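Beneath this line is the structure, given in structure tokens, with notes to follow.
Note on naming: letters A, B, ... go to the chains in the order of the sequence lines (proteins, then strands), and numbering restarts at 1 for each one. None of the values given here were measured: they were computed from a predicted structure.
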Amino acid sequence: MRVILGSSSSAIVTAQTDRYDRRTESKPKHKPSSNHSVSKLSSSSSSSSTVSSSIPTVNTYQAPLLSAVPWDLTSDHRYCADLASKLAEDGRLQDFAMIVESVVVSGGNASKFVSMLCVELVSCGIVRSLREGRIECVVEVLEKVDKLGVAPLKLFDGCGMKLLRNECRRIVDSGEVEKFVDLAEVLAGFQFPIKELGNSSHIVQFCVDKRDANLAIRYACTVPHAHVLFCIIIREFGKKRDLMSALTAYEASRKYLSSPNMYICRTIIDTCGMCGDYMKSRFIYEDLLCQNITLNIYVFNSLMNVNAHDLKFTLEVSMVSWRIWTSYNILLKACCLAGRTDLAQEIYREVKHLESKGVLKLDVFTYSTIVKVFTDAKLWQMALKVKEDMQSADVTPNTITWSSLINACANAGLVEKALHLFEEMLQAGYAPNSQCCNILLQACVEACQYDRAFRLFWSWKQSPTQEISGEDYDGNYNRISSVDHKDKQCATDTPKFVLNSPHSSFVKSFPFKPTTTTYNILMKACGTDYYRVKALMDEMRTVGLSPNHISWSILIDTCGESGNIKGALQILKIMRADGVSPDVVAYTTAIKVCVKRKELKLAFSLFEEMKQYQIQANLVCAQDLLSVNDV
DNA sequence: TTAGGGTTAG
């Protein structure tokens, strides 16, 4: 038999006719006796089954007609509480909620009702409803009992909480994050541990992917560690280059949190830098100053770092803030960016002096930065001197330091020295990454040591892949694991390996992953041998790399230089068909080929074609065309 | 918190 419960149209229940008590069609003649032992809110001794069997007089199938009788539910708190408890136990949470609501509305003695309510039965009902996926009913009950002054959290035992967690996880996993946040807001109001109900980074990531700053903010406000989530939200929006959303989250955090949080301040400043809006970082800084907020050194450092390209500003900030060693490192970076080798050296001397007095300790960051300063200034001897300084100070160079030192020599055209450092790096147990290898290859090519570049490349390719401690395949911060190489084909075992050091037989090999740039450098090393260049481009594809516009430009150049103008022009077309639109360099290369071969008409037609594609000619292109007059 | 690096036309 199907019965609709009173005015609550949502409460549709199905009852078996044989269990339906016809006596309830009129005012209940039977009321529960007042002496049965119902476990109360304050009681925790009775199990739910015991409690359930202890109220035999209440038949919940009476409920369908409760609203139809002229009977004040709240007049008998005992009966009312027992019935409500039993309805809850049967999973009829909406009916339960209706009774609770009527208690609240009637203004009756709610505390008396509460004292007689069986919390274990209600808990059972909640568990049952959660198992049936009726979270909305549960929320309705929580809201109702809260009005009665019952803490909703008390209705959740371990099982209930576990089911709630599972339901929340299901909601989030099915992409209904907004629904989860709605729920989290309600539950947070009832002091539920929101952090345990969902994977916060997963939820934040979802909001960020959807570019929904407000949803992310609403979620952050439901957890006790809101400041941590605000940081994550700001940073994640920064990674998406969505500064507007990051700023929205920052402003929301300022309003929500009682005091400014330095982690958040630092994060928003870092994010401004990440998004390329350093001026915004200054506005934020000035705004904080205007409000007389005391900033810590980390905020100052972030501000200096984001504005490192502006040496004047960075120095000004460094004057008003405390300095710790990281501040000096950032100042060195600012000097480096400004090309102020003199000032960098002055700072380097100052920090070394402070170190000798025990005020601070130079770290690997300081040394690596100063190596870069000297590299940029082509002062390779000074860069190598830093390596000695490190040894004296007992600071171990890491992958970045080694790469920087190698670059210092490579930049100065010192192939031998660069290779020697490379070997030292391997012996020290550091694995070079692709860029480091490319630096060496480029150094060889610049020095016209083409064969050497190829021999290096082949030897790296042939070296057995080894386990590297850590996950980062790029080799950053990774040490080569101490594998016994005697039984392995070591890099030096290959006949074409070029290192001549007496120690080279002990050099460990490393996982080498060529990049498009690697192949481009090698293509340049082929000179005018078009077929060799072409073969390298094919190899590039076979190892899963795609030629970029630089690869194509080199191919055009080589083809043209070998005298095949038609072929060069054909490549320009193939390049476009391959999905790489020719840029000004590709066109200029082709134009140069035509000009050299006195194909002036072709050169100008290419120039016209370039304009049709709305590619802006630059000085190099113009010079090539102007050189027509010299032909 | 902070540090590094590669390729094309001229």
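Backbone-only engagement by Ser404(A) is indicated by non-hydrogen atom pairs under 4.0 Å involving sugar-phosphate atoms exclusively. When heavy atoms are screened at a 4.0 angstrom cut-off, Thr589(A) is found touching the sugar-phosphate backbone but no base atom. Within the 4.0 angstrom heavy-atom criterion, only backbone atoms of the sugar-phosphate kind lie near Asn407(A); the bases stay farther away. Within 4.0 Å of Thr517(A), counting heavy atoms only, lies at least one base atom of the nucleic acid. Asp583(A) comes within 4.0 angstrom of no nucleic acid atom, judged by non-hydrogen atoms across all strands.
Remark: aromatic rings of Tyr519(A) and Phe457(A) are close, center separation under 6.0 Å.
Rounded to an integer number of Å, the gap from Met523(A) CE to dG6(B) P is 20 Å. Distance, Ile234(A) CD1 to dT1(B) C1': 16 Å, rounded to whole Å. Rounded to a whole Å, the CG atom of Leu303(A) is 14 Å from the P atom of dT2(B). Rounding to whole angstrom units, NE2 of residue His549(A) and P of dT8(B) are separated by 11 Å. dT8(B) atom P lies 18 Å from atom CG of Leu619(A), rounded to whole Å. Rounded to an integer number of Å, the gap from CE of Met537(A) to P of dT8(B) is 16 Å. Taking atom CG on Asn307(A) and atom C1' on dT2(B), their separation rounds to 15 Å, with Å as the unit. As rounded to whole Å, 14 Å separates atom C1' of dA9(B) from atom CG of Asn520(A).
The aromatic ring of Phe365(A) is stacked on the base of dT2(B), with the two ring centres less than 5.5 Å apart and the planes inclined by under 30°.
Look at Lys592(A) and you'll find a side-chain N or O under 4.0 angstrom from OP1 or OP2 of dG10(B). Proximity of Lys524(A) to the phosphate of dA9(B): a side-chain N or O atom is located under 4.0 Å from OP1 or OP2.
Of the candidates dA9(B), dG4(B), dT2(B), dG4(B) carries the atom nearest the Thr399(A) side chain, counting heavy atoms from C-beta on. Here dG6(B) is the nucleotide among dG6(B), dT2(B), dA9(B) with the atom lying nearest to any side-chain atom of Gln442(A). Relative to the side chain of Asn329(A), the nucleotides dA9(B), dT2(B), dG4(B) differ in distance, and dT2(B) lies closest. Listed nucleotides: dT2(B), dA9(B), dT8(B). Nearest to the side chain of Thr588(A): dA9(B). The side chain of Thr518(A) lies closest to dG6(B) when the candidates are dG4(B), dT8(B), dG6(B). Here the nucleotide nearest the side chain of Ile400(A), chosen from dT8(B), dG4(B), dT2(B), is dG4(B). Residue Thr515(A) has its side chain nearest to dG6(B) when only dT7(B), dA9(B), dG6(B) are considered.
For the pair Arg532(A) and Phe454(A), the cation-pi criterion (under 6.0 Å, within 45° of the ring axis) is fulfilled.
One finds a salt bridge joining Lys239(A) and Glu236(A) here, because a Lys/Arg side-chain nitrogen approaches an Asp/Glu carboxylate oxygen to under 4.0 Å. Taking the charged nitrogens against the carboxylate oxygens, Glu539(A) and Lys461(A) do have a contact shorter than 4.0 Å, which makes a salt bridge.
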Kindly indicate, with the supporting measurements, whether the criterion side-chain hydrogen bond (donor to acceptor under 3.5 Å, both in side chains) is fulfilled by Gln442(A) and Glu446(A).
-> CA-CA 6 Å; Gln442(A) 178 61 16; Glu446(A) 293 261 322; 2.8 Å; yes
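One side chain, Asn301(A) or Ser327(A), offers a donor N or O that lies under 3.5 Å from an acceptor on the other.
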